[in-house]
Every structure is written in C-alpha cells, then in structure tokens.
Amino acid sequence: MLTPIEKILFILLALVSAGFTFHGFKTIIDTVRKGRPAPELKNIPASLLKAGVTVLFQRTIFKARKALSAVHLGLFFGLITYAFVNLFDVLEGLIPNFDLTYSGKHLAPPAWTIPLINIYSLVSDVMSMFLLIAITIFLVRRFIVKDKALTYRENVLLNPKVKAGGQAKDSLIVGVFVIMHVTAHVLSQAYRLTEGADPFMPFASFLNSIFGASETGMHVAWWVSIGWVMFIIPYLSRSKHTHFFMAPINLGLAKQNPRGQLDPAIPLKVIDGRKYDPGAKVITDLAWKRILDAYACVQCNRCQDVCPANFYQRPLSPSALEVNKRYLLKEATFGSHPDLLLAPLTETVISPEAVWSCTTCYACVRVCPVGNEPMADIVDIRRRMLIDGFEIDSGVQTALQSLATNGNWMGKGKRLRGRWAKELEFPVKNATEEPVEVLWFVGDTASFDERVIPNTKMVARIFHQAGLDFGILYQNESNAGNDVRRVGEEGLFEQLVEQNMAAFGKAQFQRIVTTDPHSFNTLKNEYPQFGGKFEVKHYTVTLLKLFEEGKLTVKNKLSHYKVTFHDPCYLGRYNGGFTAPRKLLELLGVEFHEMPRNCENSFCCGAGGGQIWMGKVAPGERPAENRIKEALSTFEKHPSDKKQLFIVTCPKDMVMYSDAVKTTGNEGKIEVRDIIQLVAEAVGVEEVSPIVG
Amino acid sequence: MNIVVAIKHIPSIADDVPVKGNNVDFDSVDFVLNEWDEHSIEQAVLIKEAVGGTVTVIGVDLIGELDNALHLALAKGADKVVKITADDPAADSHMQAKWLSEAIKGMGANMVFAGVQASNDLDGQIGPMIAAYLDMPYIGGVSSVEANSDSATVNKEFAGGAGAKYSVSMPFVAGVQAAPKPPRYAPVSKVRQMAQSATVEKVAPSGDASSGLTFKKMAPPVVTGHAEMIEGSSKEVAAKIVELLKSKGLA
Ligand code: SF4
Ligand code: SF4
C-alpha cells in the first residue's frame, strides 16, 4: 500500500522510535539496578508465568473497585488486540496486496485462514468501538467527575510536578493517543472498503457509509495511526504508563517470603563488597525491587483508599510515596537532576510525620494490583532515621528505652511480668524450670496492663480447666519485638530476639501459644531466621482444638449475644487466621454478623507499628472509632434487644476499642470483649476474685 | 571545650524495691542511669556539637555494671568514658562526690556537669560537693548552657517557672535540671558497637568522705488502704457518691 518513499520514511521513523524506546528501557533497568540487593527469589520463570496469567485475567485489580476494574479489563484486552492490529497495519503498509478486508480476498489466502481473518476483523472492529467508550469513561472520571479517589490530601508531601497535575497530563496524552490512534485505524479500514460494507467490520462499514472509500484518506489515516504508535512507545517508557510493561514483571518478582517477614535492614547478600548502612536515606538505599515498584505503580490510589493513617487525616499516602518516587526517578534520569538520586527521601517522597504515621497494617501491600510494597519503604526509612539520630516521638522513645532496659515497653521491672500468675488460685508452671507441653508467650499488654490482666487470667483458667499442660517464662520473657522491628529499631529487635531465644533455650516445650497476634507474627515468621524453629499457634486455634477434642464443652449457649468480630491485622491479613475465631463464635452459639470490612479487608485499629506508643494524639476520627461505628451500623441492619458485643482476639485491641467506645459515646450500646470472656461464660468458668491482692 | 559529666548509677524503681536490713536489698534490684544525668549528657553533647571539644563521662561503678550506662553515653556522642571501680553499692553521695572529684581533678575540665539530683536519695549533693572539692563555682537548677570562649551563658530555673540568665566564668560545676532538648535516643546497634570497640578507662577510688549519717531503719511503704473504684453509668456513680458522703456524715 505504501509508496517506496513512504516505506523509507516509515523505516527511518521506526528506527528512531526503536532507538528512543531502547534508551528509555535501558535507563529504567540501569536505575533499578542501582538499588540494593533484595532477598533471593526462587523459581522466577514460574512466578513470571503465574504473573502473566494473573495479568491476563487482571485478577489482582478486582480486590477493590469492581466496576471500574471491569472496564479496565476490557481496556486491557483492547490494548492486547491492538498489538495485533498494529502488526497487521504495518504489514498492510509494507506488503503489497496485504489487505484483510472482505475476508482477505485481495490477498487470496489459504481457505483455512479465512475464518481466522473474519474473527480478527470482527474482534478488532468491535474492540475499537469498545476502546473509544472505555477511554472516554476513564477520561470523564479523571477530568469531568474528578473522582476523589485520584486526589491526595492537602497535607501529603507531593512532588511539585505531581502537584501541578503531571499525572493528569500523562493520562490526557495517553487518552488522546488512544482515541486518535483507534479512530485513525478504523478510518483507514473504512477508506479501504471500496466495495461497500464488510459484514465483519460493522463499525468501519458504518464510517465507510459516511466518508466513502479513498486512497488518500487511507494513507493519511494509516500514517496518523502508525505515526502515533511510533511516538507513543518511547513516550510510554517515560510516563506513568510504563506500568503496561513493568507491572507484570513486578508482579512476577513480588514478595515470596511470608507477609509477616520484613526484609533485613542490611541486605544479606553483598555485591562488590559494598558497605551498607541500615535502612534507607536516599532512593538508591532501597532494594532494587522497591525502585521497580515505582515504575510498576499504576497510580490507582487503591492503597491510599485502604490506608488507616490516611483515613485518620495523617499526611501519609502510600500511593503518593510511589508516585513521588517515580517522578523523582524521572527527573533524575530522563530530566536534568541526577543529584536527586542523592536527595533524602524524607524531603522528596514522604514527610517525616507521614513516615511515623504508618501502622504497618499491610493493607496497602495486600490491595496493590501490581505487587508493590510501600510499607517496606516506610520501615526502611524509619530504620535510617533512628540510626541518624532523627528526633523521634517522645512516647516511642520512652517505650524503646524501657524495652532496652526492662524488656517491655511499659516501664515495668522484669520481675513483675509474671505477677498476675501468682494471683491465680492454682500455680502456673515456670517453663524454664520444668518441662511443659505448651509454652504460653504472654506478651507485654496481657502481662502488665491492668485492663487486660483479667482476660489473661481467664485464659489461664480455661487452659487449666481443659487440663492443658502449659507454662510461662515469667521474668525470662521479653517483648517479642514485632513492633520494635516495625518502628525501625533493628538493633533492639535483635537484642530482644537473643533474650527470648536464650529463654526458649532454657525451656522444654512442644509448641508455643500466644495471646498477642503481634508476638505471634514475629515468632512464627521472623524468629526462624534467627534459629527459632518452633510451632507457634494463636490462642484461638488452641481453644478451638480444645473444644474439638472435647476438653472444653459449651455448657451455656450464648444466643443472647449479637456479636461482630474484628480481624487483627497480624492474625488475619498477615497470617490468614480467619477461621478459628469464627468457628469458635459459631460453637458458642452467638448471633454473628460480619462487618463489611472483614478478613483480608479488615480495617486496622490504628495501634500497630508503634502507633500505640505515640505520645501525641492527632485530632480527627481515629481508625478505631470508625470501626466501632462500622460495627454499630452492621448491628442496625439486624435490630433486636440482644446485647451487642465487639469481639477481639488481641490484647491491644481490647485497649484500643474500649477507648473508642468511650470516645464515640457509645457506652451501653456496644461492649468490647475478648473472645476468652465468651468462652469462659460458655464453659462456665467464673471470674474468681484474686487470692493475693 | 573540655566537658566532664559526672553520672550516678542508681537502683531502678521499675521493680518493687526490696529492703534488707537497714538498706535496699542491692542484690535484687537492677541499676539504671539516673534520669537527670541523661539530661547532663545531652547538654554536654549539644555544646560539643555547637562549639567542638570533648565530652568525658565518669561514674562510680557500684556493682560492676556501669559499663552499660557508659556505652550508652558513647553512643550518644561522648568521647571518653571512665569508671571508678568501687564495688560498693551502698556508697553514698558524699563518698561518690569525693571519689569523682579526685578523678576529675587532673582532667583540665572547663565545665563539669552533674544531674541536679538523683531519684534514689534526692539530696542533690554530688554537684555542690564536687564544686567544693575542686574549688570551682557551682550553679544548680540549670536548664541550658551555652559556651563562649572562657565563660558560659547559663539559664537557671526557679520555683514557679521564673528563670534567670547568668554569665559564669570557667571552670565551673553545673547541676543540670534539664537539657534544652529531650535526651536523644541511642539506637541499640550503636550501643552494641560501642560495647565491642570502645575502651572504658578504670580508676581506683581514692580518698574518703562520709556524710556522717547512718541508716537507723529502712522499710517499704505501708499500704494503708485501696482506692475504691465505683462502677456503673454516670448516674449510678453519682448516686453512690452521694450515698457515701451521706454515710460519712458529710452531706
Ligand atoms: S501499612 Fe497500613 S498504615 Fe502503613 S502505609 Fe500501608 S496501609 Fe497505610
Ligand atoms: S502502589 Fe499499588 S495500589 Fe498504590 S497506587 Fe500504586 S499500583 Fe495502586
């Protein structure tokens, strides 16, 4: 179809475009390689393949925003189709007589290909129409409806270019490209239809009925369509839409170790004898995977939607973090600011206040469709801030100092840890002195907080009644270090691990049971890296087993309660402990209602990652308060006179939510209870007044 | 600028403090750095950061565990640490002040800081006594120190929130009430690094002094009664309070 001069022009253009594209992607790869080593990935080809399948069905984006995700799925298939469309358009241009209209009759193809040609014609024609509609929806959403989900809070640190609407410009360019490109392609087909309508090309035939066939029109439309492609491919490597290429790769290289295992502060693998300080100050201090995250980010803000800190009007947005990284990298590599690679992250991508607002709830990582881990960056930044002597919140500092000297964050002496057990009406074994079957790792809140100790005693009584052979470590137990590590105090975390490992070494036990999901998480997922290989269970699992084995029996069914259940982040989202608490509630015979945000989607209480230690309380509705309201509105859908309970399985939750019930003025309407209180009522264990006291 | 910080290791009150005979049962308590000393270390390091110099931290090692506190001081920015090996947990502040001043004498200090008091005896004597032994002026209740070439501008706090600014010529001893900034956090990895690499200079205690006081009797506080928590809604609580007041003949 093309004239010889046009062909030469096309080849020149294609070479220039390929050159720019190559340069674009090479720059990205070189930049990603500037990052630190990341934990080894196993079986990369298989996980890339799996990621490919995931992307093909766009599985991960459906975790949130179902309707829009469906449109995106269509868009995605449209673009895949268009990869073929462009290929055939180029062939049409270069090979004389290559023409697929009218079942390819000008080409005189072998008979078996005719149905394929028809399918291709129909699919590409229909897809073209669909693409125009879908892109219009997305553009309308961004520019006319101005969907709030695509904006950031005023107090969030933003790259100046983002603030000036850089993302919108990107979207507009790509949106306009798709519209022009698709329209031009369909027109080029319409101008081709010299013999009237082609039944397999309804859309092109319709345009043909208006504009007729035209040789010149065909050339012009072809050049517009393909010319755009030659421009847009190198442009993509420099725009937000790099995610077309980087998202599947990133997904294929996503975290393989357990969710509850943080990457180390200093890479385990050292390349070229490079020396590393713990954590991250500048962008190249991050692992290469975290740099790749920025290129893979589709800037959809799904992570921001689920972030409890963002909800609490803190200046934290996990998506802004990724977007800022992306713009910083762009200016440093494609722009004229290479020095930005050495700019402190706390000045360019996330404010210090935002860094310290994260509850490490993992919601952002869980929801991200492309496998990004904004939370990992935040922990790494905290790690370096601590080493560099950045002034930290006074409450956090007091907690850390107490942890370093006393092994707990509550400023209590080590010897006081087991005091609650001395107040029971039966002795609790010291696991460092005699062998036990179950080593109960109690945790700080359950050991020291007067508000929680009655529940701790209740757990002991139930274990005792069920004949469980259990013991505790008394003063040999130290805080497990889960939140210490997430606050960024890696050295203190290691110290606590050593202390606990020494205590475990002195004890004889078959398995560990914890009442605290935070301790559970680190004991289960992180202690193995320090040689601590043991079976760890949450007490909900242990209780369920005791019922199943008949060691506990329900004497009183609790049908007079209407309850809902809060999944603690470190039990649920991190470790998949969704079923045991629900099964327990079912056994106890309560009327159970699920809150809208449950299981994987559970909403953090706001205490994790060291937030519970913070001296300052920010104004605004706290996540825990919002959660209590969510529970109440769930109950409203099932009105009755039954007593309404908010069930928790984490000592910190007991504290957080009891407060939230008070501060929202809902005392009397809803009561917070640990699941152990229900178990005690059902099996008939009464609270006994302390013997000593 | 040559700054010496005299610190004190004291029994921790995070635990119950058990009594044995006429004194604390030193075998069953942990020892920690006096809280006010954390402020004098911070003040010293802040001056060093502002005008340069060296910070030496010195303390009496009562139970052989002072190293932890000294490593912490190094991690916070001290340059040199010294311990006076006494091994006598009952050494009182008069005794300690004597030993400290003997050791500080030859150090050529421009400024000596001590916490204004310590929470074990609350007598605030160490600073003034060091000043007396070293024949230097003493200023207590200090909330900030700025070093000039041979004098310092010192802010001192008085009861009721009043403050005064002094110009004190060097050398002098200051009893630090609070540093201008909260004492910094020393990450454990740094403290551990110091524990591995730093040397703690050892000095034998020299001299003798006594407060002239002896313990007659020491006893844990006697619990006389518990507060009663009144449970219930605000109305119920109010009703119970009225009832209680009535029963005591107060309403
Ligand atoms: S881990 Fe939770 S709090 Fe932290 S950024 Fe992600 S969603 Fe927000
Ligand atoms: S990090 Fe993930 S969830 Fe967040 S904006 Fe980027 S792609 Fe979306």
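Order of the sequence lines fixes the chain letters, A, B, ..., with proteins taken first and strands second; residue numbering starts at 1 for each chain.
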- prompt: Are the charged groups of A:R417 and B:D15 less than 4.0 angstrom apart, N to O?
  reply: no
- request: Answer with side chain, backbone, both or neither: which region of A:Q495 has an atom nearer than 4.5 Å to a non-hydrogen atom of chain B?
  value: both
- prompt: Does a sphere of radius 6.0 Å around NZ in A:K281 hold more than 12 heavy atoms from other residues, nucleotides or ligands, not counting ones at 6.0 Å or beyond?
  reply: no
- request: Identify which part of A:I392 has an atom lying under 4.5 Å from any heavy atom of chain B, answering side chain, backbone, both or neither.
  value: side chain
Over all atoms of both residues, closest heavy-atom pair of A:L416 and B:A14: CD1-O, 3.4 Å
task: Measure the shortest side-chain to side-chain distance between B:R184 and A:E391 over non-hydrogen atoms and say whether it is less than 4.5 angstrom.
output: no
field: Heavy-atom pairs under 4.5 Å with chain B, option from A:R415, A:E494, A:K412 with the top count
entry: A:R415
field: B:S189 side chain near A:E490 side chain, heavy-atom distance below 4.5 Å
entry: no
query: Is the count of non-hydrogen atoms from other residues, nucleotides or ligands lying under 6.0 Å from B:E49 atom CD greater than 12?
result: yes
- prompt: Based on non-hydrogen pairs under 4.5 Å, which of B:V32, B:V191, B:D16 is most in contact with chain A?
  reply: B:D16
- request: Decide if atom CD1 of B:I230 counts as having more than 12 heavy atoms of other residues, nucleotides or ligands within a radius under 6.0 Å.
  value: yes
query: Which members of residues 20-31 of chain B, sorted by number, sit under 4.5 angstrom from chain A on a heavy-atom basis?
result: B:S28, B:V29, B:D30
- prompt: Distance from B:E38 atom CD to A:Q401 atom CD, nearest 0.5 Å?
  reply: 5.5 Å
query: Looking at A:Q397 and B:Y185, what are the two nearest heavy atoms and their distance?
result: NE2-N, 3.5 Å
